[in-house]
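Notes to accompany the following structure.
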Amino acid sequence: MKVRSTKGLTFDDVLLVPKRSPVSSRNDVDTSTQLTPSISLRIPIVSANMDTVTEYRMAIAMARAGGIGIIHRFMTIDQQVKQVSRVKRAEGFMVEQPYSISVKASVNEARRLMQQHDVGGLVVTNGQDELVGLVTQRDIVLAPDDTAPVASVMTPPDEIVSAPAGVSPDEARHLLHQHRLEKLPVLDDSGKLVGLVTAQDIVKFNRHPNATKDSKGRLRVGAAIGVKPTDMERAEALLAAGADLLVLDIAHGHADTCINMVKNLRATFPAAQIVAGNVASKDGAKELAQAGADAIKVGVGPGSICTTRIVTGFGVPQLTAIMDGVAGVAESGRDIPIIADGGIKASGDLVKALAAGAASVMMGSMFAGCEESPGSTVIRNGQKFKVVRGMASLGAAMGRKAVERGEDESAESPEDWDKVVPEGVEAVVPYRGHVGELLYQLVGGLRSGLSYGGAFTIKQLQQNAEFIEITPAGMRESHSHDVNRI
Ligand code: XMP
């Protein structure tokens, strides 16, 4: 047994000492960072892989704002793949596999397909990926005969304007405008369809200049996986669907199962970006880094809905955990980022987490109140709230078992629920509107924080950082006090 003599500190235990600043405007600072060695973000913020926080709507909004969302794993592989695909299809100047319909299909089938996929047009093919027409809403909306073949209403091949493979966004924009088109098929040398550019996509492509995008201009998204043997299958399916990173999501990541899973993933998918966690110690971070992870997620028990520390007695106050994680990665000899996960209550905590050495920050309950989160909305005393729940809460465990039963009929029955020992709670958080507005406030706080830290970049903030421990009186002084707030 050993007792560490240094105190474990968390965000409220410290403040950052202001530094002489060369920054004259908050607009001059750069909030970009590395999520992993090959994925950069314009803002260092990640939405948590929790089932009341991140599904495709949150992931799209996060990536558009310059952060990223991690789709939670408490659904079937198929459902999670669909979530990832929705993000990858949301934006990008070219859709690679546009929805298509056979030339032999009817007008009614075209209408149904467009409704089902929520798109305004379909490419018409002859069954061999060869483009034989284009059909859009305009062609079918007033078509008198629903049973007529699509061929009778589509734009025929000799009237289609197409672009060659490799067309740039500017060239595509020019062609679409020149011919006053809505849709532009992209064909390879042999005339095979390789994609579709729509006018809407070009507009969206330019609307979010800070968006986190892959090399094809699609929004980036992460997806969580576990450590069961079936999770290798899940990983493969998610990567095939275009997931930009896999987040190995284990409450106690400094475990043989997690280390072996990282090694397995590394060997099987050498090019994949793998985030591993969660850990809260130097050795935990070091060993996951040595196993081949591309970023380490730090945080055991700081989360707003976590009760791990109360139920198990384990955890490390988050600021110390971040610093220890950074030290562990340094000892591993690898240069990979730390993601600080949990416990962020305000933008000041975000600044402290970054100053302590994290490259980015994951947040759950702050985002659970947003319009884009999947959690349900409740009204209490006339005020709107959204539900948030710990992924180790009783409710989440019950939900998980329901998914497992869907996948595997032999899984435990509802009577087994009482065997769950929860390490998280279910709660409500005030409704906060769109996540873009919340991010604007958080990033505004970070920009000011960089200025107070005499830093143009997050790296400089870390180099300049000087923390000072404070007392409860200091904390009281930090909040507004001795006034009646309106
Ligand atoms: P915040 O404070 O941003 O924290 O809401 C989000 C993080 O909390 C973790 N998490 C849990 N931890 N029991 C825990 O001990 C749980 O049930 C639980 N659910 C989520 C997770 O790391 C998340 O990103």
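Being a predicted model, the structure only gives us computed values, none of them experimental. Every number for a ligand or one of its atoms is a count from 1 in the order of the listing.
- E233 and T230 form no side-chain donor-acceptor contact under 3.5 Å, judged by distance and modelled atom types alone.
- A donor-acceptor contact closer than 3.5 angstrom links the side chains of S38 and Q273.
- By the neighbour-count criterion of 12 heavy atoms within 6.0 Å, atom CD of E331 is densely surrounded, having more than that number from other residues, nucleotides or ligands.
- Sorted by chain then number, the residues whose non-hydrogen atoms approach ligand 1 to under 4.0 Å are A48, M50, N278, G303, S304, I305, C306, T308, D341, G342, G343, M362, M363, G364, S365, G390, M391, A392, S393, E423, G424.
- Under a 3.5 Å cut-off, the side chain of R309 and the backbone N or O of V316 do form a donor-acceptor pair.
- Looking at S281 and D283, their side chains never bring a donor and an acceptor atom within 3.5 Å of each other.
- Checked by atom type, the side-chain pair T33/S360 shows no donor-acceptor distance below 3.5 Å.
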